[in-house]
Amino acid sequence: MGSVNNAGPMRVLVTGGSGLVGKAIEHVVQEEGGKHEEEEWIFLSSKDADLVCKSGRTVSTHEGEPALLVSDSLQRSSQRDNLKINDNVLQTAHEMGVTKVVSCLSSCIFPDRTTYPIDETMIHNGPPHDSNFGYSHAKRMIDVQNRAYFQQYGHRYTAVIPTNVFGPHDNFNIENGHVLSALVNKTYKAKKDGTPVNVWGSGSPRRQFIYSLDLGRLIVWVLREYNEVDPIILSVGEEEEVSIKEAVEMIAQSLDFKGKMLFDTTMSDGQMKKTASNAKLRRYLPNFTFTPLQEAIKMTCDWFLANYDIART
Ligand code: NAP
Ligand code: GDP
């Protein structure tokens, strides 16, 4: 993080501020008393600036430049858009004298053929899974750029690698939502209509799910305390990994769904696992407590039911 804005407040700009991760960071800072007195947090959505376009970079409503930046790029977008966003964000940060940038990578960018658990040193050790080839290569370039900005300018721009995230404000769309939130919506509908829940694939793939609010707390810690350029995996431990079947059973329990689950094996399983090590995180934060998965799923279901009208469905 470093010395910033000696005279004024420490400005933190969060791009993707209206999304799953951005809203969680906002909650941590504004609702949990996580804001430090000297900080000013600004949350942006695509309506404030289109990060794909360089001209969209100026946030005219705020005086001065941000000191720190939590950056975001788009999971479901094209490789080209993600490359443009990465470059626009990092180069603009450099030009504006931003002292720290935290970007989000993802555990799906790791090599497809690998040994487990995967750790931070293995990002570039082989091609990613075919299902997200373009996105993964674009994300990997953030790490390359961070190293280059450090070598050339000494900037401490870094990246976090979250595993599968879920929580309030996620995309609950059944066609293009992330697995947990799509299944929350599918289960809600199945209960309402008296139909089975259609789960894609065999239910056997295994995932480490992280609750968005836990991730928000960890990203705020990274922003303030983590000084490496090398990325850090933000995840629950390997022992917390669950199968998709186990996850959907937890959703069923939270929504009190007693109907059938169909496992549609005509749909792809994707990666069977991408088990990531959180040993580096644990060396820094041995006592961080993750919200238990069943509890976090229940809170997400409760949020979905209470906010059905505004949820992304
Ligand atoms: P999300 O819920 O889909 O939110 C996307 C955010 O990006 C929204 O705030 C959106 O603004 C904004 N945005 C979209 N297009 C934009 C553009 N052209 N210019 C500026 N802003 C734009 O995403 P998320 O799940 O929070 O993901 C955040 C980051 O975490 C991403 O980098 C993602 O790759 C990474 N990640 C996510 C997961 C996961 O499971 N969700 C796992 C690992 C890593 P609008 O609301 O205005 O559209
Ligand atoms: P995603 O990015 O949230 O889709 O997560 P991953 O790509 O890591 O893996 C999702 C896993 O959940 C795959 O094995 C899918 O086959 C399985 N799955 C089961 N039902 C659904 C669903 O309704 N939506 C999604 N996205 N995945 C599902």
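Keep in mind that the numbers below use all heavy atoms, side chains included, and drop hydrogens, waters and symmetry copies. First listed ligand is number 1; within each ligand, the first listed atom is number 1.
Residue-ligand proximity: G177 is placed with a non-hydrogen atom under 4.0 Å from ligand 2. Ligand 2 lies less than 4.0 angstrom from a heavy atom belonging to R207. In this structure, S268 has a heavy atom closer than 4.0 Å to ligand 2. Not a single heavy atom of M272 sits closer than 4.0 Å to an atom of ligand 2. Within the structure, the closest approach of F166 to ligand 1 does not fall below 4.0 Å when heavy atoms are considered.
Taking every heavy atom of V165 and a limit of under 4.0 angstrom, the matching atoms of ligand 1 come to 38 (C), 39 (C), 40 (O), 41 (N), 42 (C). Every atom of ligand 1 is numbered from 1 in the order shown, and the set under 4.0 Å from a heavy atom of V52 is 18 (N). The K274 neighbourhood of ligand 2 comprises atoms 8 (O), with distances under 4.0 Å to a heavy atom of that residue. Annotation for ligand 2: atoms under 4.0 Å from non-hydrogen atoms of A182 are 23 (O), 24 (N). Ligand 1 places these atoms under 4.0 Å from at least one heavy atom of S18: 8 (C), 9 (O), 10 (C), 11 (O), 45 (P), 46 (O), 47 (O). In summary, the atoms of ligand 2 found under 4.0 Å from a heavy atom of K186, numbered by their order in the structure, are 22 (C), 23 (O). Remark: ligand 1 atoms within the under-4.0 Å shell around heavy atoms of T163 are 42 (C), 43 (C). Below 4.0 Å from some heavy atom of L51 lie the following atoms of ligand 1, by number and element: 17 (C), 18 (N), 19 (N), 20 (C). For ligand 1 and G16, the ligand atoms under 4.0 Å from any heavy atom of the residue are 6 (C), 7 (O), 8 (C), 9 (O), 12 (C). Near P205, with a cut-off below 4.0 Å to any heavy atom, the atoms of ligand 2 are 14 (O). Close approach of ligand 1 to D50 (heavy-atom distance below 4.0 Å) involves ligand atoms 17 (C), 18 (N), 19 (N). Those atoms of ligand 1 that come under 4.0 Å of a heavy atom in G17, given as number and element, are 9 (O).
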Open item on the list: salt bridge (Lys or Arg N to Asp or Glu O under 4.0 Å), that's the test. Do E238 and R206 meet it? Break it down for me.
Closed with: CA-CA 10 Å; E238 295 152 56; R206 300 181 71 77; over 6 Å; no
TODO: Kindly determine whether E40 and R11 satisfy salt bridge (Lys or Arg N to Asp or Glu O under 4.0 Å), including the steps that lead there.
DONE: CA-CA 5 Å; E40 180 193 348; R11 279 205 184 85; 3.1 Å; yes
Task: salt bridge (Lys or Arg N to Asp or Glu O under 4.0 Å) between R140 and D143, intermediate numbers included - done: CA-CA 6 Å; R140 287 179 184 193; D143 178 56; over 6 Å; no
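By the 4.0 Å N-to-carboxylate-O rule, R224 lies close enough to E39 to be salt-bridged with it. With salt bridges taken as basic N to acidic carboxylate O contacts below 4.0 Å, none links E295 and K298. Between E228 and R156 there is no salt bridge, since none of the side-chain N atoms of the basic residue sits less than 4.0 Å from a carboxylate O of the acidic one. Electrostatic pairing of D87 and K84 does not count as a salt bridge here, judged by no charged N lying under 4.0 Å from a carboxylate O. Classification of K274 and D112 as a salt-bridged pair fails, no side-chain N sitting under 4.0 Å from a carboxylate O.
Within the 4.0 Å heavy-atom criterion, the part of Y135 lying near ligand 1 is the side chain and not the backbone. With a 4.0 Å heavy-atom cut-off, ligand 2 is reached by the side chain of N164 but not by its N, CA, C or O. With a 4.0 Å heavy-atom cut-off, ligand 1 is reached by the backbone of L105 but not by any atom from C-beta on. Looking at H169 against ligand 1, nothing comes within 4.0 Å, counting heavy atoms. Neither the backbone nor the side chain of Q271 has any atom closer than 4.0 Å to an atom of ligand 2 (non-hydrogen atoms only). Only side-chain heavy atoms of R312 come within less than 4.0 Å of ligand 1; its backbone N, CA, C and O stay farther off.
Judged by distance alone, with hydrogens and angles left aside, the side-chain atoms of R282 form a donor-acceptor pair with the main-chain N or O of F288 at under 3.5 Å. Distance alone, capped at 3.5 Å, is enough to place a donor-acceptor pair between the K186 side chain and the N198 backbone. Between the side chain of D170 and the backbone N or O of F172, no donor-acceptor pair lies under 3.5 Å.
For S107, no nitrogen or oxygen atom sits less than 3.5 Å from a nitrogen or oxygen atom of ligand 1, counting backbone and side chain alike. In terms of polar-atom proximity, V21 is counted as a contact of ligand 1, with an N or O under 3.5 Å from an N or O of the ligand. Checked against a 3.5 angstrom limit, the closest N/O atoms of L20 and ligand 1 fall inside it. For the pair H178 and ligand 2, the shortest N or O to N or O distance falls below 3.5 Å.
Taking each of S106, G19, S45 in turn, the one with a heavy atom nearest to atom 43 (C) of ligand 1 proves to be S106. Distances from atom 21 (C) of ligand 2 to the heavy atoms of F209, F263, W200 show the closest one on W200. The heavy atom nearest to atom 41 (N) of ligand 1, considering only K139, K47, H178, K84, is found in H178. Remark: among candidates N185, N171, D170, V179, the nearest residue to atom 28 (C) of ligand 2 is V179, based on non-hydrogen atoms.
Checked against I251 for a side chain to side chain contact (heavy atoms under 4.5 Å, CB included), the options T300, V184, V199 give a single hit: V184.
Interatomic distance, NE2 of H129 versus OH of Y135, reported as 15.0 Å (0.5 Å rounding).
Ring planes of Y149 and Y157: tilted class, angle from 30 to 60°. Ring orientation note: the planes of W221 and Y284 are nearly perpendicular, at an angle over 60° on the 30°/60° scale.
Under a cut-off of 6.0 angstrom, the local environment of CZ in R147 is crowded, with over 12 non-hydrogen atoms contributed by other residues, nucleotides or ligands.
Remark: the S277 side chain and the D119 side chain contain no N/O donor-acceptor pair separated by less than 3.5 Å.
By the rule that hydrophobic residues join a cluster once side-chain heavy atoms approach within less than 4.5 Å of another member, M299 and F257 end up as members of one cluster.
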